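Note that the structure is predicted; figures quoted are calculated from it, not measured. Quick note: residue numbers are just sequence positions, from 1. Computed from heavy atoms alone, side chains included, the values below leave out hydrogens, waters and symmetry copies.
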Amino acid sequence: MDIVLAVLERGDVAYEIEFERTSEPPFELRVPSHIGGAAVVDVFDLVDASEWPVLLRYAFSECVPAVMGSPDDLNAEDLGEVDH
């Protein structure tokens, strides 16, 4: 199994996640989150795939209401905060 490292940037904070490599880099990643106790999904858009399939960089795009049980969403516990 080939693993890809993705760096998700939101302002001055960056998170690293790993996921199984696909045939093409995903143009968007959706990560479960919350605002004031309400379930939301943070959407990150692909900004740099120059090191594909080893590393991808994503930038925060928007926050949308969560659709519970969506298979496209990553698990929040897969995230690890890193210094930016």
Looking at Arg30 and Asp42, does any basic side-chain N land under 4.0 Å from a carboxylate oxygen? no
Side chains of [X] and [Y], heavy atoms from C-beta outward: is any pair under 4.5 Å?
| X | Y | answer |
| --- | --- | --- |
| Val31 | Phe44 | yes |
| Glu18 | Val4 | no |
| Pro53 | Asp2 | no |

Considering all heavy atoms, the nearest Val41-Ala66 contact: CG2-CA, 3.7 Å
Does one hydrophobic cluster hold both Phe27 and Ile17, with members joined at side-chain heavy-atom distances below 4.5 Å? yes
With a 4.5 Å cut-off on side-chain heavy-atom distances among I, L, V, M, F, W and Y, is there a chain of contacts connecting Leu8 to Val47? no
Give every donor-acceptor pair under 3.5 Å between a side-chain atom in residues 54-63 and any protein atom, sequence neighbours left out.
residue: Arg57; atom: NH1; partner: Glu9; partner atom: OE2; Å: 3.4
residue: Tyr58; atom: OH; partner: Pro26; partner atom: O; Å: 2.6
residue: Ser61; atom: OG; partner: Asp45; partner atom: OD2; Å: 3.0

In Å, rounded to the nearest 0.5 Å, how long is the span from CZ of Arg21 to CG of Leu5? 14.5 Å
